Amino acid sequence: MAEVVDSPKGWVNEHIQRYVASGGKDGHEWKPGVPTLLLTTTGNKSGLQRRTALIYAQDSGSYLVVASDGGAPAHPAWYRNLAADPAVHVQVGDRELDASARTATGAERDRLWPLVTAVWPAYDDYQAKTDREIPVVVLTPAG
């Protein structure tokens, strides 16, 4: 993989550094019962590999992440990146894999939302703060 640029957000950057340095042993579980993965996307403007840490849930062999940005009015940069190029790289604990990303819509999103809020209930609060529908992204491992 090409050189990766990590999220510049202080606590997210620190989390990524611990996750990578420990091979996923330190950081996979961010808080008790709250697992995180590292998602690497291709910058839609820069073309650079960009990595962030995200809470995830699972469904039928896929990983689910939420483009909440805390309920901000706009989608986070990582979501705009994968919307432009759905080929992503994921690290879950000590496992690394390539995946394809897509946004769940309609009945599928309705079914998945309770799965992600079971892991991080604050997603409901974030949704209440914004007029945009917060995307649930399905990361399906390649091959």
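The structure presented is a predicted model; accordingly, all values stated were derived computationally and were not measured.
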Here the gap from H15 atom NE2 to D26 atom CG, rounded to the nearest 0.5 Å, amounts to 8.0 Å
Do Y126 and D69 have side chains that get closer than 4.5 Å, going by heavy atoms? no
CD on E3 to CZ on R51, rounded to 0.5 Å: 10.0 Å
Shortest non-hydrogen contact from S7 to N13? O-ND2, 2.9 Å
Are V5 and I16 connected in a single hydrophobic cluster, I mean Ile/Leu/Val/Met/Phe/Trp/Tyr linked by side-chain heavy atoms less than 4.5 Å apart? no
Give a yes or no on whether a salt bridge exists between D85 and R50, defined as a side-chain N under 4.0 angstrom from a carboxylate O. no
Any side-chain heavy atom of Y79 within less than 4.5 Å of one from V65? no
For A101 against V88, the heavy-atom pair lying closest together: CB-CG1, 4.3 Å
Shortest non-hydrogen contact between P76 and R132, atoms and distance: CD-NH2, 4.4 Å
Contact check, side chains of L54 and W78, non-hydrogen atoms, under 4.5 Å: yes
Please examine the side chains of L82 and L39, heavy atoms only from C-beta on, and report whether any two atoms are closer than 4.5 Å. yes
Measure the shortest side-chain to side-chain distance between R111 and D59 over non-hydrogen atoms and say whether it is less than 4.5 angstrom. yes
Side chain to side chain contact (heavy atoms under 4.5 Å, CB included) assessment of V138 paired with L64: CA-CA 5 Å; V138 179; L64 310 174; 3.9 Å; yes
Ignoring hydrogens and geometry, is there a side-chain-to-backbone donor-acceptor pair from R80 to H75 under 3.5 Å? yes
How many angstroms lie between NZ in K31 and OG1 in T36, if you round to the nearest 0.5 Å? 12.0 Å
Shortest non-hydrogen contact from D6 to Q17? OD2-NE2, 2.6 Å
Tell me, do P35 and H28 make a side-chain contact under 4.5 Å, heavy atoms counted? yes
Evaluate the criterion side chain to side chain contact (heavy atoms under 4.5 Å, CB included) for residue pair E108 and D110; output intermediate values, then yes/no. CA-CA 5 Å; E108 182 187 32; D110 294 343; over 6 Å; no
Measure the shortest side-chain to side-chain distance between Y56 and L139 over non-hydrogen atoms and say whether it is less than 4.5 angstrom. no
State, to 0.1 Å, how close V34 and V119 come at their nearest heavy-atom pair, and which atoms those are. CG2-O, 4.0 Å
Separation of S68 OG from K129 NZ (nearest 0.5 Å): 9.0 Å
Classify the side-chain pair Q49/T42 by whether it contains a donor and acceptor separated by less than 3.5 Å. yes
How many angstroms lie between atom CG of L38 and atom NE2 of H89, to the nearest 0.5 angstrom? 9.0 Å
If we ignore hydrogens and angles and just use 3.5 Å, is the side chain of E29 paired with the main-chain N or O of G33 as donor and acceptor? yes
What do the steps show when you test T117 against Q127 for side chain to side chain contact (heavy atoms under 4.5 Å, CB included), and what is the final call? CA-CA 11 Å; T117 59; Q127 183 60 79; over 6 Å; no
Hey, what's the ring geometry for W30 with W120, parallel, tilted or perpendicular (30° and 60° as the breaks)? tilted
Can you give me the closest heavy-atom contact between P141 and Y63, atom names plus distance? CG-CE1, 4.3 Å
Answer with yes or no whether the side chains of S100 and T140 bring together a donor and an acceptor at under 3.5 Å. no
Test side chain to side chain contact (heavy atoms under 4.5 Å, CB included) applied to V20 and V4, step by step: CA-CA 12 Å; V20 170; V4 177; over 6 Å; no
